[in-house]
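Before any comments, here is the structure.
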Amino acid sequence: MYGIKLCRSSSVSLVNQLYSALIDLIRQGVLKEQERLPSTRELAKELAISRNTINEAYELLVTEGYIYSKAGVGYIVQKNCAEKHVQVCCFSKEKEKRAYHIEYDFTLGVPDVLSFPFLLWNSYQKKALMQFKKEDFVYSDPQGYLPLRQEIARWLFRSRGVQVREEDIFITAGTTQALNFCLELLKSSQKTFLFENPCYYPVVQILKRLGCTYQSICVDNEGIDVSKIHACKKEICGCYVTPSHQFPMGSILSDKRRMELVNLAKERDFYILEDDYDGEFRYHQSPLSPLFSLCPERVIYMGTFSKTLFPALRLGFIVLPKKFHDQWKMLRCVYDRQSPIHEQMTLAFFLQERKIDVHIRKMTKMYGKKLQILLDSIKKYFPAQTTFLGNNAGIHIALRVEGAKFDEKFYEECLAHTIALSFYPCKFYQKEYIAHKAEQDILFLGYGAIVESQIENGVKKLAELL
């Protein structure tokens, strides 16, 4: 039916094979909008697989927004679905956002780039060009520019108290590339990969692309629930966490759970993938030491300069156990060889002269002030039954507003009223990614990009739209 062919000998599950095949048919327009999909009974008979497999694939498509269920009719393709991107539920919809005049920008994960010292950065760029040698114009070490790796090691010691060897540091093109490579290294056809629930959405997409077996573990106000990992009876190959400021819920992994997670990784022979995406910004205490400091041999530590400096830089780093070094270099050579040497040299100067330390101190003070205005404004204009989540670190907070419903319609209405939000609804994690009820009463607000003087009016407008 529809030319769908499933391979039972593949390491990719039948559910994921069917899910991918149906998405392709929708995107190609073979399955048109408002068209009814075959019944689970009909398709199960045609493909000679169980109805449970069909149901799981259909439910995945529902959570992704490709189809919907209608009582008495069955599953139907959503309108305009052929144009949907596979990450439709992730982050802000940039095309729609650019189509509107935006006055109040509460987008997630965007720093205050207007406060970055670009004149100083440009002077370091010129300095880097002046020091270019012949060998800098050809292919270089896929591990990254050595002086930059040395400066990152020194910076991690200054800022986190963590001692890292320069030979264990690898320069990346940002977190997404690091995730792709790490999951390639850790994947196993016999073992399961664990991740936070909810989590940074590209993790799920990469796991699907690789055909990995995976399981989500719920988070609460102490971070990932390690007891659920204890209860997992499957063999584990890795676990993705954001312990310094859980994304997107904002909780901080407690000291007790940190030790439990590290000890469990040792006992059950798996690796912890630690994403420290905005751990530099803390408002009531010093930055926490990474999990890496507790167990360097079991933790793969990822860092990025997208939040501390600016996203367009596309430079990050990863600290790898020695056993993965050669495999990482091979992957880097296969995919894109290296990060641009000019940017690496510029960043090395910025770190060497400790301008990053000055910039982070300045931005922490600025973000702390923005955060306080945001919290005060929410208390002033939002309903009394509003709970703050994740307001101790980072550059975004989560709000739980009792009785509210933050769905796609609300997001579009905000855009029409010049307010940009990141469309990151927890409801899309229902079924596969979230173990409890869909949470539509959570609103995520970034305060990095918004101008300080606009925060109160932006919150007031948001409250009026509730």
Side-chain angles (χ1 to χ4, degrees), residues 1-70 73-96 176-177 179-181 183-184 187 189 192-193 195 198-216 334-336 408 423-425 427-434:
M1 184 174 288
Y2 295 120
I4 295 174
K5 293 182 179 179
L6 304 179
C7 179
R8 286 166 173 75
S9 62
S10 172
S11 60
V12 181
S13 69
L14 292 175
V15 171
N16 281 333
Q17 288 184 55
L18 179 57
Y19 160 87
S20 299
L22 289 170
I23 282 182
D24 288 341
L25 291 171
I26 291 171
R27 287 185 186 155
Q28 294 163 12
V30 177
L31 287 171
K32 304 185 185 303
E33 62 182 47
Q34 298 300 290
E35 182 175 346
R36 186 176 73 85
L37 270 66
S39 69
T40 56
R41 186 184 300 277
E42 181 183 5
L43 195 55
K45 183 178 179 181
E46 182 70 25
L47 298 177
I49 57 178
S50 73
R51 291 180 67 187
N52 284 339
T53 300
I54 310 294
N55 275 321
E56 284 186 50
Y58 278 5
E59 286 300 327
L60 276 176
L61 292 169
V62 170
T63 61
E64 299 283 8
Y66 284 98
I67 65 175
Y68 65 96
S69 178
K70 187 174 181 181
V73 177
Y75 292 95
I76 300 172
V77 179
Q78 289 274 19
K79 289 183 179 179
N80 304 317
C81 216
E83 300 174 6
K84 282 183 180 283
H85 188 277
V86 72
Q87 294 184 18
V88 65
C89 67
C90 181
F91 301 98
S92 57
K93 297 182 176 180
E94 293 299 330
K95 287 184 180 178
E96 287 94 326
T176 304
Q177 184 192 63
L179 281 170
N180 269 284
F181 287 6
L183 295 176
E184 283 266 13
K187 71 177 181 179
S189 57
T192 296
F193 191 90
F195 57 85
C199 76
Y200 180 51
Y201 195 70
V203 175
V204 184
Q205 295 298 80
I206 296 167
L207 287 166
K208 284 182 183 178
R209 179 182 63 80
L210 294 174
C212 298
T213 302
Y214 52 87
Q215 180 180 328
S216 64
V334 167
Y335 283 98
D336 66 347
E408 191 167 2
F423 186 53
Y424 210 99
K427 70 171 184 175
F428 279 101
Y429 292 93
Q430 191 183 17
K431 303 287 185 185
E432 187 180 7
Y433 316 126
I434 225 164

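Just so it is clear, the values below take in all heavy atoms, side chains as well, and ignore hydrogens, waters and symmetry mates.
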Quick check: do [X] and [Y] have side-chain heavy atoms less than 4.5 Å from each other?
| X | Y | value |
| --- | --- | --- |
| R209 | N180 | yes |
| I26 | I67 | yes |
| E46 | I4 | no |
| L22 | Y66 | no |
| Y75 | E59 | yes |
| L47 | L18 | yes |
| K208 | Y19 | yes |
| Y214 | V203 | no |

Where is the tightest heavy-atom contact between [X] and [Y], given as atom of each residue plus distance?
| X | Y | value |
| --- | --- | --- |
| C212 | K187 | SG-CB, 3.6 Å |
| I49 | R8 | CG2-NH2, 3.1 Å |
| C199 | V204 | SG-CG2, 3.9 Å |
| D336 | Q177 | OD2-NE2, 2.9 Å |

>> With side-chain contact (heavy atoms from CB on, under 4.5 Å) as the criterion, how do T176 and Y200 come out once you've worked through the C-alpha distance, each side chain's angles and the decisive distance to 0.1 Å?
In response: CA-CA 10 Å; T176 304; Y200 180 51; 3.4 Å; yes
Gap between atom [atom2] of [Y] and atom [atom1] of [X] - 0.5 Å precision:
| X | Y | atom1 | atom2 | result |
| --- | --- | --- | --- | --- |
| E35 | L25 | CD | CG | 9.5 Å |
| S69 | L61 | OG | CG | 12.0 Å |
| Q215 | L207 | CD | CG | 12.5 Å |
| F193 | L183 | CZ | CG | 5.0 Å |
| I23 | L31 | CD1 | CG | 11.5 Å |
| I54 | R41 | CD1 | CZ | 12.5 Å |

>> Using the rule given for side-chain contact (heavy atoms from CB on, under 4.5 Å), can you reason through L210 versus E184, listing the C-alpha separation, both sets of side-chain angles and the distance that settles it, and then say yes or no?
In response: CA-CA 8 Å; L210 294 174; E184 283 266 13; 3.6 Å; yes
> Hey, is E42 close enough to K45 for a salt bridge, meaning N to O under 4.0 Å?
Replying inline: no
